[in-house]
> 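Quick one: this structure, given as structure tokens, is what I'll be asking you about.
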Protein chains: 2
Amino acid sequence: MVAVRNKQVIFKDYVNGYPKESDMVVTSDATISLELPKNDDRLILLKNLYLSCDPYMRGRMSKPFEGTYIDSFVPGLPISGYGVAKVLDSTHPDFKKGDLISGSTNWEEYSLITNPESLIKIQHTDIPLSYHTGILGMAGLTAYVGFYDICSPKKGDIVFVSAASGAVGQLVGQFAKLYGCYVVGSAGSKEKVELLKKKFGFDEAFNYKEEQDLGATLKRYFPNGIDIYFENVGGKMLDEVLPNMRLQGRIAVCGMISQYNLDRTEGIYNLIFLLMKRIRMQGFLVIDHYHLYPKFLEMILPLIQERKITYVEDIVKGLENAPAALVGLFTGKNVGKQVVLIAHE
Amino acid sequence: MVAVRNKQVIFKDYVNGYPKESDMVVTSDATISLELPKNDDRLILLKNLYLSCDPYMRGRMSKPFEGTYIDSFVPGLPISGYGVAKVLDSTHPDFKKGDLISGSTNWEEYSLITNPESLIKIQHTDIPLSYHTGILGMAGLTAYVGFYDICSPKKGDIVFVSAASGAVGQLVGQFAKLYGCYVVGSAGSKEKVELLKKKFGFDEAFNYKEEQDLGATLKRYFPNGIDIYFENVGGKMLDEVLPNMRLQGRIAVCGMISQYNLDRTEGIYNLIFLLMKRIRMQGFLVIDHYHLYPKFLEMILPLIQERKITYVEDIVKGLENAPAALVGLFTGKNVGKQVVLIAHE
């Protein structure tokens, strides 16, 4: 029986406030057998290649509480998350050695999967494997559902995307441009603002960290108001957007990353504009919309292949750098979709 | 030429904070001719019978500001609002002497109308005339659009209505019961709570003023959460409702009366639940939905005639009592729809 060391990333305990690298350990204490027992026909042994770092993971770092929509990480066990992996061995009839998959795996070199319901076999090997953690994964489907379904876009709509260079935002902006909308994005650095304008084709973009008065900024970029706000950040930005919405505007609430690490969320004072402007504001989570994945693939694959859409990733190498990558999401350190590369194949 | 004294209710100036009776004057200084000039064929002379007191009128008391959805009252001129009136004389081809109408009129005994676009001829004289200010007027259509359209109800849904004994709330509760929902209402007095349970058939009701901890109250009345929140009040109640919403819940924002008179609105801290519970929150104004009025009438008239729905009004007599009635809306003095009776016919 061949047992090898299995490097893992583990949360020591539940997290309060901003997560820190020191909340995690990277350890090679564990070992794993690379041969599967023959008496269980539902086992899959994965070699993990890419891991996805996602803002929603902050919710999983908190102590479990009533009403949460997602299981917390278990302190002491390797972090679970979305990733891309290669099947090293399988006793499961649907998977065989050599298959490439995306889906729920763990933050470790090798994972023994006993519940492969979330695993999808990767068919399109002409596309970078890492894309399956982002544009072809949760982020892509989120942008697709959020923009086309939740935002109810019309040609010519004026669209504002916050955290616009992130895994989801960059796609929403490009979808909106392809749809014939006018699109402005906000991001947290000069480099990101350049990306939005030069690489993703946003009509305008601004660095919110350089703006003293967000209300005035929004009036400057949206003299005629906003039809669609794709909400990724929450807090002050949302509060300033509300009075700048147009009649019958739509706000798709995809995330509120500015609020995840606060002990007490910020107050929103301008909800009266929901009434005055007859705004629809709707929260959504991609987990409710996976039935749309085949339809999404049909739309996105040609766009990628014909280079009508682009995707920027921020790939760090090695599990030992995974904690910094995950933590960096919450201070906007990443430029584009944050991915951790464990092995090329 | 017969000229008579015309008693009027007038705002002296724009209002800050809670409106007071002393913000208005009731005066008989003005006179009006009861004969129409013959050289204008678009004039209608009304004798006003009933006036409607509505929370939205608070918005019209404020100084005009950018982005408002509605014209402010003009200080020094009689208040404009919805009412029921009799046509005393008309040079307009669509109206004739003796017609009863509902629509936009002024807070005075007689009104000379030059823009009759909002006037609707009353056909169903078997129904109390005052009903045209409420259940058959703006409040009725608001409840209809708000519940059936904005709330997307399903049989068995758990519904919460705030300000539930008011002009709109009492109807929403009854519509929801007729639809097969479980309905709880909140109101601000013991008398109103009794009305909700005994007269309108709510399953449960509570007096929010007697509750120390609204969050705990909501947990008690909604151990399994809320599918539909019909929002009339805003502020603290909304903030406590959010964590108690169920997955895919709907919040119809019809009003936020607790916020209209504040210099600064209260902060809402729990919007993250829009995301966690995938909630749709939608503001609406009845002015966008008047095309549904005929369909609404078709539904509501038989319900009234067959006594399947009931409507409680709070009718004060005389224009001299109109300021107190209007002001009383904002402290919840009214029990049911607030109406001012000027003349029976």
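Just so you know, these numbers use all the heavy atoms, side chains as well, and skip hydrogens, waters and symmetry mates. Letters go in sequence order (proteins before strands), and every chain restarts at 1.
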> Under 4.5 Å from any heavy atom of chain A, what part of B:E231 do you find: side chain, backbone, both or neither?
neither

> For B:I251, which atoms come within 4.5 Å of any heavy atom of chain A: side chain, backbone, both, or neither?
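Contact with chain A is absent: no heavy atom of B:I251 under 4.5 Å.
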
> Need one label for B:I279: side chain, backbone, both or neither, based on atoms under 4.5 Å from any heavy atom in chain A.
backbone

> With only heavy atoms counted, which part of A:R264 is less than 4.5 Å from chain B, the side chain, the backbone, both or neither?
side chain

> Considering only heavy atoms, which portion of A:L262 lies under 4.5 Å from any heavy atom of chain B: side chain, backbone, both, or neither?
neither

> Does any heavy atom of chain B fall under 4.5 Å from the side chain of A:L238, the backbone, both, or neither of them?
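Contact with chain B is through the side chain of A:L238 alone.
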
> Chain B: which of A:L285, A:V253, A:D239, A:I272 shares the most heavy-atom pairs with it under 4.5 Å?
A:L285

> Relative to chain A, which segment of B:N244 carries a heavy atom at a distance below 4.5 Å: side chain, backbone, both, or neither?
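Neither part, no heavy atoms under 4.5 Å.
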
> Between A:L247 and B:D288, is any pair of side-chain heavy atoms under 4.5 Å apart?
no

> Quick one: what part of B:Y269 sits under 4.5 Å from any heavy atom of chain A, side chain, backbone, both or neither?
both

> Which one, A:Q259, A:K277, A:E266, A:M276, leads in non-hydrogen pairs under 4.5 Å with chain B?
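The candidate making the most pairs under 4.5 Å is A:M276.
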
> So, taking the atom named CG in B:L274 and the one named CE in A:M281, what distance separates them when rounded to the nearest 0.5 Å?
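Between B:L274 CG and A:M281 CE, I get 5.0 Å after rounding to 0.5 Å.
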
> Mind ranking A:L275, A:I150, A:T265 by heavy-atom pairs under 4.5 Å with chain B and telling me who comes out on top?
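Among the listed options, the one with the most contacts to chain B is A:L275.
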
> Select one option (side chain, backbone, both, neither) describing which atoms of B:Y260 are under 4.5 Å from chain A's heavy atoms.
side chain

